[in-house]
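Here's the structure, in structure tokens; my notes come after.
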Amino acid sequence: MDKVLKKLISMVVKNLDFIWAYLKYNLASAMEFRFNFLSQAIFMILNDGLFLLIWYFFFQYFGDLNGFGFREMIALWIFGAGGFGLVNAVFGNAANLGTIISNGELDFYFSFPKNHLLHALVSRTDLSAWGDMLFAPIAFFLFFPANLLSIFLLFFGILSGAMILLAFYILIGSLSFWLGRNEVLQSSLFHAFLAFSTNPSSVFQGVVKFIIFFVIPAGFATFWPADLLKEFVLSKFLYLILFTIIFFLFSLLVYYRGLKRYSSGNLINVRG
Amino acid sequence: MQAVEVKNLSKKFEKKTKALGLKASFRSVFRKQLADFIAVDQISFQVAKGEKVAFIGPNGAGKSTTIKMLTGILHPDSGEVKVTGLTPWKERKQLAFQIGTVFGQKPQLWYHLPAMDTFYLFGKIYEIEAKKFKKRLDFLIDKFQVQDFVYQPVRKLSLGQRMRCEMIASLIHQPKILFLDEPTIGLDVVAKQQLREVLNTMNKEEGTTIFITSHDAGDLEKIADRVIVIDLGKIIFDGTVKALKEKYAAYKIIDLKIINGGNVKSKIKIPGVRILKAENYNWQFELDVKKTSVKAVLDQLLNIYQVEDIGIFETPMEEIISNIYAQNSLKNK
Amino acid sequence: MHKILLKINKYLAIFRVSVRDRLAYPLELFYSNIFILLITFVMSQVWLVVYAEHPEKLIVGFSLSAMIWYVFITELILTSQPNVILTIGEEIKNGNVAYVLSKPYSFMSYYFSYFLGRVVVSMLIKAMVGVLLLSLFSPLLGISLWSFLAGASSVFLAVVLNFVIAGSVSLFAFWLEDIRSLRFIYQKIVFIFGGLLFPIDVYPEFLQKIIHYLPFEGILYGPAKTMVNFDLVYWQILVTRQVVWIIIFCFLIKIIYGQGVKKVNINGG
């Protein structure tokens, strides 16, 4: 048992090392065009802020929606932008996974000694995502009280949201294993995730609510972290951790299933 | 009227220079540091109607700059250019009807649609009358043998098939001159051959002037009548392909398969002959055609050795070209 | 006269081929409906709650049904737009704009016809599906043939207006290193000043006044309001404004493009 644990830990550490190394590399390449990088990031912060402005005007006129007001909207965006930014900054190819698979580019990553999926995901960074990542703490410190618990929840929420989104990216990317080229479907699903995670959560009931939590898990990605920030409830916190881990493992399961299909040569039209 | 007339054409660019570092990046936003780069330096040449000219030179030599000035994309700093009697950057729209362009790196065909759709589109763009267009299209489709795939989406075609369709698109309006920029790049041997055949046919049957830039020596040998070599913005050679070889390819190579060997060095003393390879039975000699003749060398060799097999080669075109570039850069040092 | 016909034929042909191009992947078109239906659904839920909390059946003159259709129509106009800034910016950055100089058509007119082709297909498909579904769940009352035609004409003008504004912005690619960030900002400006998701009547007074002087109202709010809440007087002002702004931006495009091409002519771009 001890040996297995040690092995697991060393594997995790090695992979984290790898991610960190690639992140530094991607960042360094981005810094070659410093001005471009900075302007993209700053514009993205502006972009997020402007969208919130629309909601500001909305809540100014209409007031709360069943207890959901402007502050709650900001909380959603903190975790939405933060999670999205984190995933796309570190795993910049996550959004392209489907295309990578259908173009046969996965083969490229098989020839390296690192886990090919991880490698494919980290080999790129999305410059504007850094802006989204920065937006989260900026909005947080502007609108929310900063104490030990809230700052912890900020990081935790962004992290768990990022993991859920990453798992979701992997899931929809894996669709390419079965459906071939289907970029529009995948981007539609992603936009669905985005739409559900950044709109007033209190308006969703019944079947829709179920879908938002268990089919397109935007609810767990942004609603719950935002709820926890407002009022910490231990059980919710633990359930969130549980869901995040299970969902992530599920996405890997689906991916490797699809990979088996891919490797068995069933997808002649997918390669090249 | 010549197809192309170029007189004392010059063009320089201001290239941005930027030092490394964050401070320099900010500074460069406000104050551009520029350095002059002379791309084309007082060049002159002419191309007659129906000629096939290859325009070659190393990277950065001024090739694409020149072609851009010929097609109206760039304004020169000084000099005159007349293409089919028109000044490119002044009479651009008129010129557009007279010229066709094939840029290897930039396809004209719509990727997701059949080539036929692009052909119809070009017919309308070039304002070709319907009946005339149909006749022309049928002629070209037959000439280029594309009937079998002209209704398939372009993305499904092989590179060679795509190239043939690109050629049709650029010839629909019966241009007087066809400008091609690296058209054979990335094509396999068969596709290259097909393309060259097609170009030669159009030139023969319709008198289309062909102006092609290329890095491919085969294009030079199989298509061009004439070669213009440009390097560092200046023309360093302008003449027939034959003249090019005579000037720069003064060497011939003789490959010998010999039955009885012995020490070659002690036995060969012909001026102008250099031994390139001397392995057991396979020997290679290089002779300077200006200093001696193939006949003289062969006579001596055949006297000395028992020759099983013999091969006589000219310097390959690639080598000729790289020799030209090398010589020119030495001169300029 | 014949010359003009030939010219129109040219751009008509580009439009036709663009339509065909957009139809080349029908499945993709089908999927593209998902987003707009989703957003409309989400916002309809929001509006249900809002209207439940407000005893008046009308908010800023819009009934619940009209409000939901408002969302649908503004999203329809927005999501059917091709990515003008990115596409034209890309063509300028990679030098393709220069190659157009050796062809007998104008760069911007080409792209206008091209984009129009894409928009028409996109919009028609989304409109058909959306109108069908929306009519089942939230039928719109008070629409007549005339108000529909008025709405359709202002939608068409909105598309043209968006193209000329976005087009002018995209031409800054001649001078700017990276134009991608501009695309997001432009989108947000259209969102805010055009009234995406809810009518600009919801905004505070001072903002509404500013918006009336800007062209963006003519892209989203104007045509959507005309469709769901027809007002003859407003429509006449709207169309006038749209046309005037289109003319202004056409001039701007001509000037900016001329300058940009000069730069390409001198510097090779």
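Sequence lines set the chain letters: A, B, ... in the order given, protein chains first and strands last, and positions in each chain run from 1.
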- Query: So, A:Ser128 and A:Asp126: side-chain donor and acceptor under 3.5 Å apart, yes or no?
  - Reply: yes
Ranked by heavy-atom pairs below 4.5 Å to chain A, first place among C:Leu176, C:Leu196, C:Ile34, C:Val46 goes to C:Val46
Check: Please walk me through it: do A:Tyr169 and A:Asn96 pass side-chain hydrogen bond (donor to acceptor under 3.5 Å, both in side chains)?
Finding: CA-CA 9 Å; A:Tyr169 269 134; A:Asn96 301 326; over 6 Å; no
Pair count under 4.5 Å, heavy atoms only, with chain A: among C:Val60, C:Val50, C:Ile39, highest is C:Val50
Parallel, tilted or perpendicular: rings of C:Tyr111 and C:Phe115 (30°, 60°): tilted
Under 4.5 Å to a heavy atom of chain A? For C:Glu53 that would be side chain
Handout entry: salt_bridge(C:Asp21, C:Arg118) N-O dist < 4.0 Å
Key = yes
message: Over 60° means perpendicular and under 30° means parallel, so tell me whether C:Phe72 and C:Trp69 are parallel, tilted or perpendicular.
response: perpendicular
Greatest number of non-hydrogen atom pairs under 4.5 angstrom with chain C, of A:Phe68, A:Phe62, A:Phe204, falls to A:Phe62
*Exam field: side chain A:Ser201 to backbone A:Phe223, donor-acceptor pair closer than 3.5 Å*: no
Whatever's closer than 4.5 Å to a heavy atom in chain A on C:Ile189 counts as neither
Most contact-rich option vs chain C, by heavy-atom pairs under 4.5 angstrom, among A:Leu185, A:Leu194, A:Val208, is A:Leu185
request  = Evaluate the ring planes of A:Trp55 and A:Phe58, with Trp represented by its six-membered ring, and classify them as parallel (under 30°), tilted (30 to 60°) or perpendicular (over 60°).
outcome  = perpendicular
The interface call for A:Asn66 against chain C, heavy-atom contacts under 4.5 Å, is both
Looking only at C:Gln45, C:Lys188, C:Gln187, the option with the highest number of non-hydrogen pairs under 4.5 Å against chain A is C:Lys188
If one checks every heavy atom of A:Leu127 against chain C at 4.5 Å, the contacting part turns out to be neither
Under 4.5 Å to a heavy atom of chain C? For A:Phe196 that would be side chain
Honestly, the part of C:Tyr25 sitting under 4.5 Å from a heavy atom of chain A is neither
Cut-off 4.5 Å, heavy atoms of chain A, and the answer for C:Ile59 is side chain
The interface call for C:Leu38 against chain A, heavy-atom contacts under 4.5 Å, is side chain
C:Gln208 side-chain N/O to C:Tyr203 backbone N/O, donor-acceptor pair under 3.5 Å: yes
**Asked** Parallel, tilted or perpendicular: which fits the ring planes of A:Phe59 and A:Phe70, with parallel below 30° and perpendicular above 60°?
**Response** tilted
Turns out that what part of C:Phe198 lies under 4.5 Å from chain A's heavy atoms comes down to side chain
